[in-house]
Protein chains: 2
Amino acid sequence: MDRDDERPLYLQVADQLRAKITSGELQEGDRLPSVPGLASDLGIARSTASEALKVLISEGLAVARSGAGTFVRLPREPQRLIRAWYRATPYGSPFRQDMERQGRAAGWTYDSQTLQAPPEIRTRLALTEPEGDTEDVVRTHYVFTANEEPVMLSTSWEPLATTRGTPIVLPEDGMLAGRGVVERMLSIGVVIDDWVEEVGARPGTAMECDRLRHAPGSTIMTIQRTYYAAEQPVETADIVVPADRFALVYCGKMGRFSG
Amino acid sequence: MDRDDERPLYLQVADQLRAKITSGELQEGDRLPSVPGLASDLGIARSTASEALKVLISEGLAVARSGAGTFVRLPREPQRLIRAWYRATPYGSPFRQDMERQGRAAGWTYDSQTLQAPPEIRTRLALTEPEGDTEDVVRTHYVFTANEEPVMLSTSWEPLATTRGTPIVLPEDGMLAGRGVVERMLSIGVVIDDWVEEVGARPGTAMECDRLRHAPGSTIMTIQRTYYAAEQPVETADIVVPADRFALVYCGKMGRFSG
DNA sequence: TCGAATTTGTGCGTATGTATC
DNA sequence: GGATACATACGCACAAATTCG
């Protein structure tokens, strides 16, 4: 440690602690030195030691538990979610296929409702102006689980213009329950041929983290997926996955339209 | 403001300032109250006022300029990075094309070096065991800029087995400098036909955030990209983009291999 | 060009509340 | 219940950057 100008003191202390984590000297779940401990050991102020730990916490390398201490929290090796559907036969649940390939039991709970689409969804589904307060979409909230643990949230929107009067109006009802949008739509003659996904990331909201049993503020990835049949959007979904458990895998071929 | 238990004081102050931003009372570039100003106006300690401003900074709603003040920085509508290359002719810089489509001036700086690939990269490039300490890859660090601002980091690895003795050993050297991997490889007869991208997200490290001029700990997305020619990996890169500025767009077609 | 005023960044010290062990 | 730990809040001081007359 250098008391000179070089770098701020609290960053030097953070570097020192980070090195112990990345080198493996401190492992997952191990307790980091406490604020008073660091302060007296290194001869610095408690507030300075506290700043150093906050750096590691903001980097996601540690979590503080009030009253207990600050603990190492290594980023887990993420599971891979294959998001490029090169399956020749898109039958069955894509999520279940991904999980079973990695030896995990997939499941989900859901909750469907018909209502009038909000403006943002109208844009994504290319809906016309609403007529009065007519209900024109089916919204379904999903919680997906792997080995009984919640791991993914999804909110799906399907226009009633496409599905009204068919056996698949409700996504999780009837013979094709749980088979995925593509297969369900195919059964009523709607051939989904294009997909677009827009991937973002941000700290999770309190509600999202709660439903995923995650620490508040932990990083999540968001996917806005839209399915098209003959250039017409027939389903769109907001998908939320915790970033410390999943990586999204996309692939394709060069040189011509990637679809 | 409530001096009672309710919520921590610095969060209440942060809420109050955030409300002024989201309501539009304070606009992009406007100066927030200074730390001493807040402290005396609200009758709180300067350190408490400072904490409140740090909350907004960590949320990406403000930036501090030492000596000048703290300024509103509204979350921009995220720029879209098109990551599915359906360009029939993959000529020119993909990054520049994305930026110019959105009316921004693209640029980059780089730094190339030949060295022996570390284990993780060996796996990704399917390299055999190293012979002694032979240098077998070219590593290039990039900092990409849009309108002079750093917006994306990338570290690219190319096996010397592919490029040794050709005019394109150094990515940013010679006639094809800045033209992108695909075009450069094509010029030596290596036809890149497959790509795989693995997308993750996490809080940025101190170094990453510093190089991107971002608040430490702000959310970033990571992309591990690998290019293949005839099923053989010929380049891999680690790409880092700040999540509050970019969304990644992937698209494809259903029902057959998505490439 | 210079200097005074302002502002952020860092670092010190202390104290209290509350959670955990 | 007592010891320990983190979270919050207060106070002060100085350095470095910026701004402006």
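Each chain gets a letter, A, B and so on, in the order its sequence line appears, and its residues count up from 1.
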Notebook entry, point to check: Which distance, rounded to the nearest 0.5 Å, do you find between the NE2 of B:His141 and the CG of B:Asp111?
Noted result: 6.5 Å
Next item on the list: Return the nearest nucleotide to the side chain of A:Pro8; candidates are C:dG11, D:dG11, D:dC6.
Entry: C:dG11
Check: Please give, in whole Å, the distance from C:dG17 C1' to B:Arg7 CZ?
Finding: 18 Å
Margin query: Between A:Glu172 and A:Ser112, do the side chains contain a donor N or O and an acceptor N or O under 3.5 Å apart?
Written below: no
Notebook entry, point to check: Hey, does the side chain of A:Ser50 come within less than 4.0 Å of D:dA7's phosphate (OP1/OP2), counting only N and O?
Noted result: no
Checklist line | A:Ser93/A:Trp108 under side-chain contact (heavy atoms from CB on, under 4.5 Å): CA gap, chis, key distance, verdict | finding: CA-CA 11 Å; A:Ser93 152; A:Trp108 56 86; 3.7 Å; yes
Note to self: Nearest whole Å is fine: how far is D:dA5 P from A:Lys54 NZ?
What the structure shows: 17 Å
Checklist line | Nucleotide D:dC10, atom C1' - distance to CG of B:Leu9 in whole Å | finding: 11 Å
Next item on the list: May I have the distance from A:Glu51 (atom CD) to C:dG11 (atom P), rounded to whole angstrom?
Entry: 9 Å
Check: How many Å lie between CG on A:Leu53 and P on D:dA7, as a whole number?
Finding: 9 Å
Check: Which nucleotide in the list C:dT8, C:dT7, D:dC6 gets nearest to the side chain of A:Ala64?
Finding: D:dC6
Note to self: Tell me whether the side-chain N/O atoms of B:Thr48 come closer than 4.0 Å to OP1 or OP2 in D:dA9.
What the structure shows: no
Checklist line | Check: A:Leu53 and A:Leu17 side chains under 4.5 Å, non-hydrogen atoms | finding: yes
Item checked: Salt-bridge present (A:Asp30, A:Lys20; N to O < 4.0 Å) -> no
Next item on the list: Establish, with yes or no, whether the OP1 or OP2 oxygen of C:dT10 is under 4.0 angstrom from a side-chain nitrogen or oxygen of A:Tyr10.
Entry: yes
Margin query: Side-chain N or O of A:Arg46 versus OP1/OP2 of C:dG11: is the shortest distance under 4.0 Å?
Written below: no
Notebook entry, point to check: Any side-chain heavy atom of A:Arg101 sitting closer than 4.5 Å to one from A:Ile82?
Noted result: yes
Check: Does a side-chain N or O from A:Thr70 land closer than 4.0 Å to OP1 or OP2 of D:dC6, or not?
Finding: yes
Margin query: Rounded to whole Å, how long is the line connecting atom CZ of B:Phe71 with atom C1' of C:dT6?
Written below: 12 Å
Checklist line | Residue pair A:Arg7 / A:Gln12, side-chain donor-acceptor N/O under 3.5 Å | finding: no
Next item on the list: Could you check which of D:dG11, C:dT7, C:dC12 has an atom nearest any side-chain atom of B:Pro36?
Entry: C:dT7
Margin query: Measure CZ/A:Arg31 against C1'/D:dT4 and give the value in whole Å, please.
Written below: 8 Å
Between the protein and nucleotides 18-21 of chain D, list the N/O to N/O atom pairs that are separated by less than 3.5 angstrom.
residue	atom	partner	partner atom	Å
D:dT19	OP1	B:Arg65	NH2	2.8

